[in-house]
Amino acid sequence: MADPTSDGATARPDEEIRDELPGDLDASGFVGPYRFPDNNRRRIPGVLYLVIATGCFGAWALTRGDDPVLVNQGFLWAAVLLAAIGAYHLVAGWTLRVDEKQALVAATRAVGFPVGHASAQMGWRGLLSRPTWKILLYSAENPPARRGLVLVDGVDGRVLDQLVMDNPEDWSGLT
């Protein structure tokens with residue numbers, strides 16, 4: 001029997017308390033196609049940074065000969081900094097041309113064994129944050145005898161690197 005708390009509510013035993021996902025994050029009930037967010041959305045803040053940089057530079061340039069109270073050399077430096085950040089966002093806003101299904105197909109071809117379970121994760125590499133799919137694959141046997149990790153470029157679909165090995169995990173306790 002549960003103990004009443006000081007405010008009169010009935011306390012639940014610890015074994016009845018469970019973590020659960022909010023409804024909008026629970027993917028188990030989702031039915032239908034979904035679309036992975038594209039990296040080219042980085043271009044939107046890049047354009048905003050460039051617009052603000054232009055405004056800062058314009059304010060500095062228009063008041064340059066005067067002795068303004070609010071506009072000083074900081075506006076010029078802010079314009080330079082914001083322009084650099086904006087340019088970076090425009091350059092790093094790669095369009096994701098390879099979706100997870102295409103990456104999985106490329107990874108399956110690369111490992112050379114029939115694939116059972118697999119998972120895909122988006123990552124970024126390099127200074128310009130080029131999108132890269134990280135595909136983890138297991139062979140189709142039960143339990144899987146082999147596994148592989150394949151990196152697939154998210155822009156052009158090239159296989160960048162792969163690691164294939166015998167499955168070192170002991171799954172005998174799960175059968």
Side-chain angles (χ1 to χ4, degrees), residues 12-54 79-175:
R12 294 175 22 194
D14 289 342
E15 58 271 3
E16 289 184 11
I17 299 173
R18 305 257 190 243
D19 286 336
E20 58 184 65
L21 286 172
D24 58 336
L25 296 178
D26 185 9
S28 64
F30 179 76
V31 177
Y34 67 96
R35 184 177 178 161
F36 196 84
D38 199 337
N39 290 328
N40 63 14
R41 295 186 314 168
R42 289 181 176 177
R43 294 179 185 161
I44 296 170
V47 169
L48 294 176
Y49 286 132
L50 291 176
V51 167
I52 296 170
T54 303
V80 170
L81 181 63
L82 289 171
I85 293 171
Y88 175 77
H89 278 267
L90 291 179
V91 172
W94 298 93
T95 298
L96 187 63
R97 293 192 174 101
V98 177
D99 66 11
E100 68 275 8
K101 294 175 199 106
Q102 294 167 321
L104 179 60
V105 169
T108 301
R109 289 181 184 141
V111 294
F113 57 76
V115 173
H117 294 282
S119 67
Q121 176 188 14
M122 172 59 65
W124 295 269
R125 63 185 166 81
L127 187 61
L128 295 179
S129 297
R130 194 169 170 108
T132 304
W133 288 106
K134 299 173 185 173
I135 310 292
L136 177 64
L137 314 126
Y138 286 95
S139 60
E141 303 92 12
N142 189 16
R146 304 201 32 101
R147 70 179 183 181
L149 176 65
V150 181
L151 302 181
V152 179
D153 190 289
V155 176
D156 60 15
R158 283 180 299 129
V159 173
L160 302 169
D161 200 2
Q162 68 183 48
L163 172 67
V164 177
M165 62 189 301
D166 291 335
N167 187 6
E169 300 169 14
D170 181 16
W171 295 7
S172 59
L174 300 175
T175 56

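Since the structure is predicted, the reported quantities are computational estimates derived from the model, not experimental observations. Because only heavy atoms are used, hydrogens play no part in the values below, and waters and symmetry mates are left out as well, while side chains stay in.
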(message) Looking at every non-hydrogen atom in both residues, tell me the closest pair between Leu137 and Ala118 and how far apart they are.
(response) CD2-CB, 4.0 Å
Could you give the side-chain donor-acceptor pairs of residues 157-164 under 3.5 Å, partners two or more places apart or in another chain?
unit_1	atom_1	unit_2	atom_2	d
Arg158	NE	Asp156	OD1	3.3
Arg158	NE	Asp156	OD2	2.8
Gln162	NE2	Ala110	O	3.3

(message) According to side chain to side chain contact (heavy atoms under 4.5 Å, CB included), who are the partners of Pro168, at least two apart in sequence or on a separate chain?
(response) Arg147, Met165
(message) Looking at every heavy atom in both Trp133 and Ala120, which two are closest together, and how far apart are they?
(response) CE3-CB, 4.0 Å
(message) Which residues pass the ring-ring contact (aromatic ring centres under 6.0 Å, His included) test with Phe113, not counting sequence neighbours?
(response) none
(request) Kindly give the heavy-atom pair with the smallest separation between Arg41 and Pro37, and that separation in Å. (result) NH2-CB, 3.7 Å
(request) Search all heavy atoms of Val111 against all heavy atoms of Gly148 and return the closest pair with its distance. (result) CG1-CA, 4.4 Å
Identify each donor-acceptor pair in which a side-chain atom of residues 45-54 lies under 3.5 Å from a protein atom, sequence neighbours left out, and give them as a table.
unit_1	atom_1	unit_2	atom_2	d
Thr54	OG1	Leu50	O	2.8

(request) Measure the shortest side-chain to side-chain distance between Asn167 and Arg146 over non-hydrogen atoms and say whether it is less than 4.5 angstrom. (result) no
(request) With sequence neighbours excluded, give me every side chain to side chain donor-acceptor pair (under 3.5 Å) pair touching residues 104-128. (result) Asn39-Trp124, Arg125-Thr132, Arg125-Asp153
Pairs of donor and acceptor atoms involving the side chains of residues 80-97, under 3.5 Å and at least two apart or interchain, shall be tabulated with distances.
unit_1	atom_1	unit_2	atom_2	d
Tyr88	OH	Leu127	O	2.9
Tyr88	OH	Ser129	OG	3.4
Trp94	NE1	Leu128	O	2.9
Thr95	OG1	Asn40	ND2	3.4

